[in-house]
Amino acid sequence: MEEKNTEKRLDFIREKITNELASNKNGGKLLFRFPPEPNGYLHIGHAKSICLNFGLSQEFEGAGTNLRFDDTNPAKEDQEYVDSIKRDIEWLGFNWEGEPKFTSDYFDQLYDWAVKLIKEGKAYVDDQAADVIASQKGTPTTPGTNSPFRERSVEENLELFEGMKEGKFEEGSRVLRAKIDMANPNMHLRDPFLYRIIKKAHHRTGDKWCIYPMYDWAHGQSDYIEGITNSLCTTEFEVHRPLYDWFLDQLADADKTRPEQTEFSRLNLNYTVMSKRKLLQLVEEGVVNGWDDPRMPTISGLRRRGYTPASIRNFAKTVGITKRDNIIDVSLLEYAIREDLNKTAPRVMAVLDPIKLVIDNYEEGKTEWLEAENNPEDENSGSRQVPFSKELYIEREDFKESANRKFFRLTIGKEVRLKNAYIIKGESCVKDEDGNITEIHCTYDPLSRSGSGTEESKRKVKGTLHWVSAEHAVDAKVNLYDRLFSDEAPDSRKDPETKEVIDFKTFLNPESLQVIEGCKVEPSLKDNKAGDNFQFQRMGYFILDQDSTPENMIFNKTVGLRDSWAKKN
RNA sequence: UGUCCGAUGGUGUAAUUGGCAACACGUCUGAUUUUGGUUCAGAAGAGUCCAGGUUCGAGACCUGGUCGGACAACCA
């Protein structure tokens with residue numbers, strides 16, 4: 001699918017970059033970076049950032065975007081996440097500059113710089129316990145107090161820091177801190193941590209290190225090492241920027257590229273949660289079936305749900321880039337996928353809740369192969385043959401014995417069109433002892449075949465039903481999905497009494513997954529492969545699941561068609 | 001009683017940098033339709049958080065408020 005026409009409207013970041021280019025900042029060089037921590041799967045919020053950072057390098061001539069794994073915390077990170085992140089970025093249609101980068105590649109340089117800061121009296125080893133240090137930090141409205149270890153000699157600091165590196169001290173017993181200003185109104189400048197001791201094997205550096213750099217120390221310096229020009233991140237890092245700049249002030253070479261951090265607001269979607277911690281919780285507690293559960297807002301979940309890369313890119317585009325808080329309505333996401341799939345997904349017939357329909361005046365044992373258009377929105381999509389016979393399945397909800405004039409479907413005595421086939425008239429129905437309808441009987445008009453050109457075929461009937469030949473139908477399992485949470489803002493509701501935030505899992509939608517077996521689909525579907533998107537005519541968009549086999553077909557519902565009838569009823 | 005950031009229809013985003021508040025989603029009509037889909041035509045819905053000020057003219061600039069968000073992890 002084509003990307004929507006790029007309008008000339010520039011968001012504030014693109015405008016800023018355009019201006020920088022005009023003033024020849026950094027000699028016209030542009031290098032961006034996408035810096036995920038490999039501690040979870042990427043979600044739709046990351047997709048926004050990916051589309052920004054990698055999109056920028058596609059839009060500006062000669063620009064590039066690095067992929068850098070911010071792997072400074074071996075306690076949480078894992079190779080599995082590295083792999084999934086690479087896969088998701090590529091699936092979205094983006095390429096990074098050269099090989100993927102890792103913050104852990106810079107551990108030696110970072111260590112050397114830390115030593116330099118110590119030698120200049122700008123960093124010190126603090127021996128206090130975490131809670132003591134925390135209490136000395138002060139609060140946002142009250143200044144902190146200096147650590148008693150703040151004025152240690154350079155020699156002692158050097159020796160202790162080396163000891164930390166050598167593994168001579170216990171985890172949590174010492175940290176290296178920058179010596180800035182414990183009374184600074186910006187809390188991030190109150191002697192922030194540079195290093196802590198973590199005696200865990202790192203997924204890349206193994207046992208080489210037992211001290212690991214903190215985010216603030218590692219991030220900006222990694223940008224600097226790579227020669228990043230524009231370091232784009234979300235607004236919660238805005239208050240970190242003075243610290244980002246402080247480090248560069250101490251270390252950066254005047255004739256090297258100095259990166260600049262710019263913040264934009266993160267994406268929020270209603271009816272879901274977007275924090276990696278909470279998503280991990282859903283996975284670990286088995287609330288969902290893994291990171292790629294189609295109900296998850298993860299990129300892998302959306303992929304398995306049937307979303308396409310183009311739809312997500314277009315979604316990111318309509319959502320835009322600003323600094324203000326936002327909560328995107330899921331209808332925007334759903335629109336993006338419908339718009340794409342409407343143009344690209346082949347139409348097929350599938351009956352989700354089948355009931356037998358017998359055509360009394362149709363010849364026993366006869367099969368006709370009727371032509372069916374693959375996609376009326378795509379002239380080049382061609383057509384296929386679908387089998388028609390005396391006994392069919394139709395959707396149970398498409399029949400009522402009698403109904404008012406607004407019911408455009410099958411009733412006794414009224415005519416409807418069977419899509420791509422004949423006009424039929426409801427005659428009678430069979431019920432079991434409980435009064436449930438078990439079989440419907442009808443008659444057909446042999447002269448009304450679709451596309452035959454006869455007067456009878458041109459007759460206007462109000463309703464058209466999808467169907468599938470009972471003899472030729474293939475069984476399938478279908479997963480129907482609804483929103484994972486029944487509340488718009490599951491992670492920010494507060495108890496009116498206690499003012500405590502209510503656990504987000506309270507709002508889980510118990511009906512978010514409905515599995516239906518015994519669906520009947522047209523035989524042509526057997527030839528398709530996992531990941532293929534379809535429109536089940538009149539029902540919605542579906543994707544062949546990765547676990548599907550020709551013998552046990554499984555479809556996932558991506559999204560329903562717009563349904564102006566259901567809305568009124 | 002801090003620092004930083006933000007505020008435009010229900011939602012998201014614009015407004016050529018001071019000149020009739022526009023676009024998309026959503027909602028509602030109607031037309032078309034062998035998908036109650038698509039498409040097409042149209043409608044309703046904000047006077048731009050508030051109060052002052054500058055100006056012929058302010059969503060935009062200035063001042064002061066109000067409201068919302070971020071920040072006190074040996075997380076990122």
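It should be emphasised that the depicted structure is a prediction, and the values quoted were computed from it without experimental measurement. Chain letters run A, B, ... following the sequence lines, proteins first and then strands; every chain starts at 1.
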**Request:** With heavy atoms under 4.0 Å as the rule, sort A:His219 into base, sugar-phosphate or nothing.
**Result:** nothing

**Request:** Provide, to the nearest angstrom, the distance between the CG atom belonging to A:Asn420 and the C1' atom belonging to B:U35.
**Result:** 10 Å

**Request:** Scan A:Gln537 against the nucleic acid and name what it touches under 4.0 Å (heavy atoms): base, sugar-phosphate only, or nothing.
**Result:** base

**Message:** Checking side-chain polar atoms at under 3.5 Å, does A:Asn53 have a donor or acceptor matched by the opposite partner on A:Ser49?
**Reply:** yes

**Asked** Could you give the NE2-to-C1' distance, from A:His240 to B:A72, as a whole number of Å?
**Response** 11 Å

**Asked** Is A:Lys137 positioned over the aromatic face of A:Phe193, cation under 6.0 angstrom from the ring centre and no more than 45 degrees off axis?
**Response** yes

**Message:** Under 4.0 Å, heavy atoms only, any strand: does A:Lys406 hit a base, just the sugar-phosphate, or nothing?
**Reply:** base

**Test log, rule ring-ring contact (aromatic ring centres under 6.0 Å, His included), inputs A:Phe69 and A:Phe102** = CA-CA 5 Å; A:Phe69 290 97; A:Phe102 293 83; 5.1 Å; yes

**Request:** Mind telling me whether A:Phe388 and A:Tyr422 have parallel, tilted or perpendicular rings, with 30° and 60° as the class edges?
**Result:** tilted

**Item:** Closest to side chain of A:Lys76, choosing from B:C71, B:C74, B:C75
**Value:** B:C75

**Asked** Under 3.5 Å, is there a donor-acceptor pair linking the side chains of A:Arg33 and A:Ser231?
**Response** yes

**Request:** Would you mind telling me which residue lines up with the more 5' stretch of RNA chain B, A:Gly463 or A:Gly138, judged by nearest nucleotide?
**Result:** A:Gly463

**Prompt:** Quick one: salt bridge (charged side-chain N to carboxylate O under 4.0 Å, His left out) pairs with a partner in residues 183-197 of chain A, sequence neighbours left out?
**Reply:** A:Arg150-A:Asp191

**Request:** Using distance alone, with no hydrogens and no angle criterion, decide if A:Thr344 and A:Asn533 have a side-chain donor and acceptor under 3.5 Å apart.
**Result:** no

**Message:** Is A:Arg538 close enough to B:G36 that one of its side-chain N or O atoms is under 4.0 Å from OP1 or OP2 there?
**Reply:** yes

**Asked** Looking at A:Lys16 and A:Glu20, does any basic side-chain N land under 4.0 Å from a carboxylate oxygen?
**Response** yes

**Request:** Please list, chain by chain and in numerical order, all residues satisfying ring pair (Phe, Tyr, Trp, His ring centres under 6.0 Å) with A:Phe161, sequence neighbours excluded.
**Result:** A:Tyr111, A:Tyr195

**Message:** Can you tell me whether the base of B:U17 sits syn or anti, using the 90° cut around 0 to define syn?
**Reply:** syn

**Test ring pair (Phe, Tyr, Trp, His ring centres under 6.0 Å) applied to A:His188 - qualifying residues, sequence neighbours left out** = A:His240

**Message:** Using a heavy-atom cut-off of 4.0 Å across all strands, would you classify A:Tyr195 as base, sugar-phosphate, or nothing?
**Reply:** nothing

**Complete:** One should report the stems of RNA chain B, each a stretch of at least three consecutive Watson-Crick or G-U pairs at distances under 3.5 Å, as B:2-7 with B:66-71, B:10-13 with B:22-25, B:27-31 with B:39-43, B:49-53 with B:61-65

Interface polar pairs with nucleotides 59-62 of chain B, N/O, under 3.5 angstrom:
none

**Request:** Find the distance A:Gln261:CD to B:A76:C1' and express it as a whole number of Å.
**Result:** 12 Å

**Item:** Under the side-chain contact (heavy atoms from CB on, under 4.5 Å) test, residues paired with A:Asn420 that sit two or more places apart
**Value:** A:Met349, A:Ala372

**Message:** Within the 4.0 Å heavy-atom criterion, would you say A:Glu488 contacts the bases, only the backbone, or no part of the nucleic acid?
**Reply:** nothing

**Prompt:** Nearest-Å distance, CG (A:Leu465) to P (B:G36)?
**Reply:** 8 Å

**Complete:** Contacts of A:Glu37 meeting side chain to side chain donor-acceptor pair (under 3.5 Å) (sequence neighbours excluded), chain-then-number -> A:Asn39

With the criterion being N/O to N/O and under 3.5 Å, what pairs connect the protein with nucleotides 37-45 of chain B, and how long is each?
residue	atom	partner	partner atom	Å
B:G37	OP1	A:Ser564	OG	2.9
B:G37	N2	A:Glu377	OE2	2.9
B:U38	OP1	A:Arg562	NH1	3.3
B:U38	O2'	A:Asn342	ND2	3.3
B:U38	O2'	A:Glu377	OE1	3.0
B:U38	O2'	A:Glu377	OE2	3.2

**Message:** Considering every strand and a 4.0 Å limit on heavy-atom distances, what is the contact class for A:Phe264: base, sugar-phosphate, or nothing?
**Reply:** nothing

**Message:** Does B:U35 have its OP1 or OP2 closer than 4.0 Å to a side-chain nitrogen or oxygen of A:Arg417?
**Reply:** no

**Prompt:** Which part of the nucleic acid, if any, lies within contact of A:Met214, taking any heavy atom under 4.0 Å across all strands shown: a base, the sugar-phosphate backbone alone, or nothing?
**Reply:** sugar-phosphate

**Chi class for B:G68: syn within 90° of 0, otherwise anti** = anti

**Item:** Atom-pair distance (CE on A:Met182; C1' on B:U3), nearest Å
**Value:** 15 Å

**Asked** Base, sugar-phosphate alone, or nothing: which one does A:Gly540 contact when heavy atoms must sit under 4.0 Å apart?
**Response** nothing

**Prompt:** Going by number, which of residues 172-180 of chain A have a non-hydrogen atom under 4.0 Å from RNA chain B?
**Reply:** A:Gly172, A:Val175

**Fill in**
Residue set satisfying side-chain contact (heavy atoms from CB on, under 4.5 Å) with A:Glu15, at least two apart, ordered chain then number -> A:Leu10, A:Asn19

**Request:** Could you tell me whether the phosphate oxygens of B:A76, OP1 or OP2, come under 4.0 Å of any side-chain nitrogen or oxygen in A:Thr72?
**Result:** yes

**Request:** Give A:Arg277 one of three labels, base, sugar-phosphate or nothing, depending on what nucleic acid heavy atoms sit under 4.0 Å from its own.
**Result:** nothing

**Message:** Expressed as a whole number of angstroms, how long is the span from A:Glu37:CD to B:C75:P?
**Reply:** 10 Å

**From CA spacing to verdict: side chain to side chain contact (heavy atoms under 4.5 Å, CB included), A:Thr72, A:His219** = CA-CA 10 Å; A:Thr72 57; A:His219 193 85; over 6 Å; no

**Item:** Results of side chain to side chain donor-acceptor pair (under 3.5 Å) for A:Gln385 - residues two or more places apart only
**Value:** none

Pull out every protein N or O sitting under 3.5 Å from an N or O of nucleotides 6-16 of chain B, one pair per line with the distance.
residue	atom	partner	partner atom	Å
B:U11	O3'	A:Ile327	O	3.2
B:U11	O2'	A:Ile327	O	3.3
B:U11	O2'	A:Asp329	N	3.4
B:G12	OP1	A:Ile327	N	3.2
B:G12	O2'	A:Val319	O	3.1
B:U13	OP1	A:Thr322	OG1	2.9
B:U13	OP2	A:Arg324	NH1	2.9
B:A14	O2'	A:Arg9	NE	2.4

**Fill in**
The single option from A:Lys425, A:Arg459, A:Lys462 that satisfies side-chain hydrogen bond (donor to acceptor under 3.5 Å, both in side chains) with A:Glu415 is A:Arg459

**Request:** Take atom CG of A:Leu447 as the centre, draw a 6.0 Å sphere, and report whether it contains more than 12 heavy atoms from other residues, nucleotides or ligands.
**Result:** yes

**Item:** Euclidean distance, atom CG of residue A:Asn184 to atom C1' of B:U3 [Å, nearest integer]
**Value:** 8 Å

**Request:** I would like to know whether A:Asp223 and A:Tyr244 meet side chain to side chain contact (heavy atoms under 4.5 Å, CB included); could you show each step before the answer?
**Result:** CA-CA 10 Å; A:Asp223 285 343; A:Tyr244 184 101; 2.8 Å; yes

**Asked** Separation of A:Phe149 atom CZ from B:C74 atom C1', in whole Å?
**Response** 16 Å

**Asked** In terms of the nearest nucleotide of RNA chain B, which residue is placed more toward the 5' end: A:Met187 or A:Asp216?
**Response** A:Met187

